[in-house]
Structures are given as structure tokens and as C-alpha cells.
Amino acid sequence: MKRTLIAAGGFLLAAGLTTPALAGATSSDPAAEALAKDAREVSEVLKFWTASNNAALRQATALTYDYKAGGAAMTGGYTADGKPGLVAPIGGEKKKVAKSYNVNFPKTIGKVFFVNAKGGLNWCSATSIQSQHRNLVATAGNCVYDEAGNGHVMDKWVFVPAFYQGKTPYGIFVGKTAYLHYDYANYEDGDRNYAFVTVYNGLNLGTGKTTQVNKAEFDKFVGDKWVDEKEITKAEYDAGVDKYGKDGPYKSKIVDPKTETVAKPAGVNSDETLKPYLAAEGKDGIKAVTFEVTEGTYTSSKKDYENNSQFASETVPISKEDYERLLKEKASGNFPGKVEEVKDGTNVIGWKKTTYWLLKWVKSSTKTVYYVEQYFIRDGGLVSTGRLGDAVGGQGFAYNQPVAKSPVRVFGYPYAEHPDGNKAYTGITPKTCYGKTSAKNVTWAKYRIEENVALKCAMTPGADGGPWLLKYSNATRLGYVNGVTGGFLDTDSNGRIDHSISAYFDGETNSVYRAAEKNWSGDILPGIKKP
């Protein structure tokens, strides 16, 4: 067992977390760091990843780092710090035995997505793991803690099991608290490169009931909302404007007609020369149409029939109800004209409106299209998909297991190219490796590694955080997490990755796991209660 020491001058401490791991924490305590603390933060994280049909999830790229540099070696051998231990997986409490020659991928694996200290969108591999409240994810420490970001945990951290091409079949599980080994959180000790993260119940955003609302309700609503345009006839447009103004009767807003404008024809400088262009067919393929403007735009335009020039105005009496309605429309920018009270001295005896028009020049063949805008919101807010372990199950946990004895099955989503430039993986689908771990320790000074274990495997970064499953069953798709991919090696120096490495899971790993697995994430939505 290795214990990391503080170097002279304390320079390793500078890379630690910016907040204390736990109150009164010592080097024997796990480090715990909050990710999303409450419902508001959970909602913000979900909105970030799910906006525009999960655009951010689609845009994220695999976490990569300088894995090409040499310096790794195989030396000595590892000695466990206690008796071996196993925690049964969810659904695997009763052992099942079956033979299978094909690898059935577990539902528990998926990707963790996060925003790094520089604002980049990244992902790693991970798995659901057994816990008291079925709410725990196992992954690599460097997929939670940003070593390049001066000791910050990753932002907007989520786990998406079975993620495939933008789809989230089991929901998105927002991280609540990350549990890491003290030495990794404070000294970036590569022999403790693992993390256990409690997550809230799976959630989807904007999958509730769709409701059509009016403009005022739409503007006030915070959440998933959109505007649809519906084409109407000119008669419907005219009737709607006359009766309702721009705020239509169907929780909609009447939109000004859309046309393709052209330059004013030469020679139009009087009422007589304008008349042919006002006809329905226009003249020479061009016609003049009118559109409403504000009084200021109208009065500042010249009376020379230029495009956007002054053309006409009209003042008519209106009812008190129309006056009050138009005042509201004017305040919201939906009525450009002017409304006034008509007074006899100080007494109000009536009401009037003035409408102002200018000209647009369009092709006679151009169809003037009339619209209403319709406003929709998707209410219901966050929708729960349940606890992680209930949705996809959870792998068991193993520690202090003998090395180079029983084979392990490794899963991950490799993406990056090999050092020779060959890019064999896409990161879209999971891959697997199988074999016995190395009898010797992996040492790598660059990452403060002295006691990692290795497995012959050609997967590349993107597979970081993927589980190493002991006693994996194809029938149940369950096993025991006995490591997580934390790095990659080219042991024969031929320019291709040939081994994956993991921290050895020992009694101290068990302590971090136990600190995490007992914690319930709390209630985010009504109806989600502690089991």
C-alpha cells in the first residue's frame, strides 16, 4: 500500500481541490465534492445538455490527454492491504450460471458528460454500480476532477446510460456528489484514479404536456417553448385585425404579410403615375402594397412615393373597449398607430385611433402570405425516469482481489486515435476487452503512478472510466467492478496502444465506495421519495 507524501515546499497541494474535501478531513477520509446541489441547479444542467434536441450531448468529444509520452514501466508486484471483498450486483444477489460465447453488453454502461475548466464539452465512460439507494456511478477520477483546471471538479456533470447518437433511453442522471480518494483529490495521485458519484433520479426535460398560450403567458414562461407560424387567408387576416387587432382570437398574434420587396419603378412621382401600381395586377410586373408604421416613421418620410415614403393616414372613432385594447397592444409593440381620448374641455367624450401607412414595392407575381403566430409551451417541467439502479441495474463491487488470477471484462467507448495516427474507433458504440490483469505493477512518474494494474487491450481514450468487471456473466450481464480504465500504454513502443491500466481496488477504495454508496440523493421532484 502506498501513501502519497507532501513534497518539499508543498507544491503538490497547489493542485488540490479549491474547497475542503470534508469538514475535518484527514488523509484517511474520502474527498467529497458537490456537483449539483438543488433542483434549480439540476434544472439548469438538464437545460444545458438537452437544449435543441440534445445538441450539447451530440457536440461533446471524448476526454483526451497526452498519453503518447513514454515513461511507464512494469515492476514488482502488488500486495493487498486486507482480505478480499465482494458486493453483489443489483439483480445478482442470487448467482446464476450460464454459458455464452457472445459478449452481451450490460445496460449499466454509458457515458458521463461534463464541461471542463476551459469550457470544452467532454465525455468519458462509466457504469452504474450497486448502492444502498441505487443511485451510484463508478468512473475514473479524471472524469470528475479536472487535473488541468487547477483542482476543480467538472461542471454540469451527468451520466447517460446506453447513450447512442443523441438518444437518452433511460433519462439523464445529474451528479450530486463526487467521492474521490483524498490523495487523488489533493495530490492527483494516479494510483487513486477512481470516483464514485451519487446521482439524482433520471430526468428528462420538456416531455410533459404541450399547451398553447397567449403572447403574455409565453413571454413569462421559463422553460421549453416555441413559436409556430400558421398561414391564413387575406380575408382572415383583415377580419382578425379589424376585430382583434394584432393579438388574434386563437392565442396567437397576427403577423404582417411577408413579401419580396423590389426597387421603386422610375417615373412614379404623382398620384396619377402611382395608380397603375396600386391595382391588383400592378404594372410592368410590379405593384405597390401598403404596410402600417408608427407616427414617427410616417412623419419623417418624404411625400415623393419612394419606398418607405409617406403615403396615407386615417383617423376613425373607436369604442372605449377598443381604445383600452389598443393601448395594451401599443405598449407591447403590436399596434404601431396612435390612440387618443377625445375631450370637451376636461371631459372625455370619445376615443379615436390613427393608422399610418407607407408603401412597399413588390413583384406582381409575388404571393403575399398572411400568418398568425401561435405560442406553445411544454409544461410539466422535469419528468422522472426513476432511480438509476431500477432503470438499468448496477454492477457489483470487488476489492483486494488477487492479480493475474481471474480474468476481467473491460467495457468502454474508445474514440481517440492510436499514437501512430490510426483511428480505429468512433466512440459511438461500446467496445470490450478480456483477459487477466498483469502480475507486475505499472509505474509512471508523469501521473504519480506506482501501483496500477494493466490489461492487454487496444482501446484508446474515450474508454477512460469504463469498468473492469470481475466474474462477468453474459447471461445476467452483471459482474463486479474491480477497476476503472485510467490510462493507456504502448508497452512495445510500436506506436499503438496495447494495454489499458487501472488503479488497484483495495481496502482504501472500499472506504471511498462505502462513503458514497450509503447516501441518498434527496428529493428533486414531488413523488420521488427516499426508499
Side-chain angles (χ1 to χ4, degrees), residues 62 64-80 100-106 109 124-127 138-140 142 190-191 193-194 395 398-399 401-427 429-444 446-447 449-474 479-506:
T64 57
Y65 47 88
D66 182 14
Y67 58 90
K68 299 179 182 180
M74 299 280 197
T75 61
Y78 195 88
T79 302
S100 176
Y101 297 98
N102 296 317
V103 178
N104 297 321
F105 287 83
I109 62 172
C124 283
S125 302
T127 185
T139 189
N142 62 297
D191 285 326
N193 186 8
Y194 46 76
Q395 300 296 334
Y399 58 98
Q401 300 297 312
V403 297
K405 298 291 185 180
S406 300
V408 295
R409 175 71 66 181
V410 176
F411 294 96
Y413 292 81
Y415 173 79
E417 64 184 24
H418 286 282
D420 66 357
N422 178 42
K423 194 166 188 304
Y425 304 111
T426 65
T429 55
K431 302 296 179 182
T432 184
C433 293
Y434 181 76
K436 294 181 181 180
T437 58
S438 58
K440 294 184 177 181
N441 293 342
V442 175
T443 62
W444 199 350
K446 177 180 179 181
Y447 295 110
I449 292 173
E450 297 176 15
E451 299 173 343
N452 268 210
V453 292
L455 177 75
K456 190 173 183 180
C457 181
M459 287 197 283
T460 61
D464 302 71
W468 292 33
L469 300 181
L470 185 69
K471 300 182 180 181
Y472 182 73
S473 167
N474 270 318
Y480 300 82
V481 179
N482 192 35
V484 291
T485 300
F488 309 88
L489 300 178
D490 172 14
T491 61
D492 55 10
S493 302
N494 69 346
R496 290 182 61 81
I497 290 170
D498 50 43
H499 280 74
S500 294
I501 60 175
S502 168
Y504 178 79
F505 277 20
D506 59 9

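Here the structure is a predicted model, which means the values were calculated and not measured.
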What do the steps show when you test C433 against M459 for side chain to side chain contact (heavy atoms under 4.5 Å, CB included), and what is the final call?
CA-CA 8 Å; C433 293; M459 287 197 283; 4.0 Å; yes

Compare every heavy atom of [Y] with every heavy atom of [X], then report the nearest pair and how far apart it is.
| X | Y | value |
| --- | --- | --- |
| G462 | D464 | N-OD1, 3.0 Å |
| Y425 | P414 | CB-O, 3.2 Å |
| Q401 | N482 | CG-OD1, 3.7 Å |
| P461 | T64 | CB-CG2, 4.1 Å |
| V453 | Y504 | CG1-CD1, 4.1 Å |
| Y413 | G427 | CD2-O, 3.7 Å |

Validation row: T139, S125 side chains within 4.5 angstrom (heavy atoms)
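Of all side-chain heavy-atom pairs linking S125 with T139, none is under 4.5 Å.
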
In the structure I gave you, are the side-chain heavy atoms of P106 and Q395 within less than 4.5 Å of one another anywhere?
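Touching, per the 4.5 Å side-chain cut-off.
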
Of T127, V481, T437, which meets side-chain contact (heavy atoms from CB on, under 4.5 Å) against W468?
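The passing option is T437.
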
Please assess I501 against T485 for the test side chain to side chain contact (heavy atoms under 4.5 Å, CB included), listing each intermediate value before the final yes or no.
CA-CA 6 Å; I501 60 175; T485 300; over 6 Å; no

Side-chain ([X]) to main-chain ([Y]) donor-acceptor, under 3.5 angstrom:
| X | Y | result |
| --- | --- | --- |
| D420 | R496 | no |
| N193 | N142 | yes |
| K436 | V403 | no |

Using side chain to side chain contact (heavy atoms under 4.5 Å, CB included), reason through F105 and T429 one step at a time and then give a plain yes or no.
CA-CA 10 Å; F105 287 83; T429 55; over 6 Å; no

Starting at [atom1] of [X], measure out to [atom2] of [Y] and round the result to the nearest 0.5 Å.
| X | Y | atom1 | atom2 | result |
| --- | --- | --- | --- | --- |
| D492 | H499 | CG | NE2 | 9.0 Å |
| T443 | I449 | OG1 | CD1 | 9.0 Å |
| S473 | Y480 | OG | OH | 10.0 Å |
| T460 | I497 | OG1 | CD1 | 5.5 Å |

Less than 6.0 angstrom separating the ring centers of F411 and Y472, yes or no?
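Yes, the ring centres sit under 6.0 Å apart.
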
Verify side chain to side chain contact (heavy atoms under 4.5 Å, CB included) between N441 and E450, making sure each step is shown before the conclusion.
CA-CA 7 Å; N441 293 342; E450 297 176 15; over 6 Å; no

Between N452 and D191, do the side chains contain a donor N or O and an acceptor N or O under 3.5 Å apart?
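D191 vs N452: donor-acceptor pair found between side chains.
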
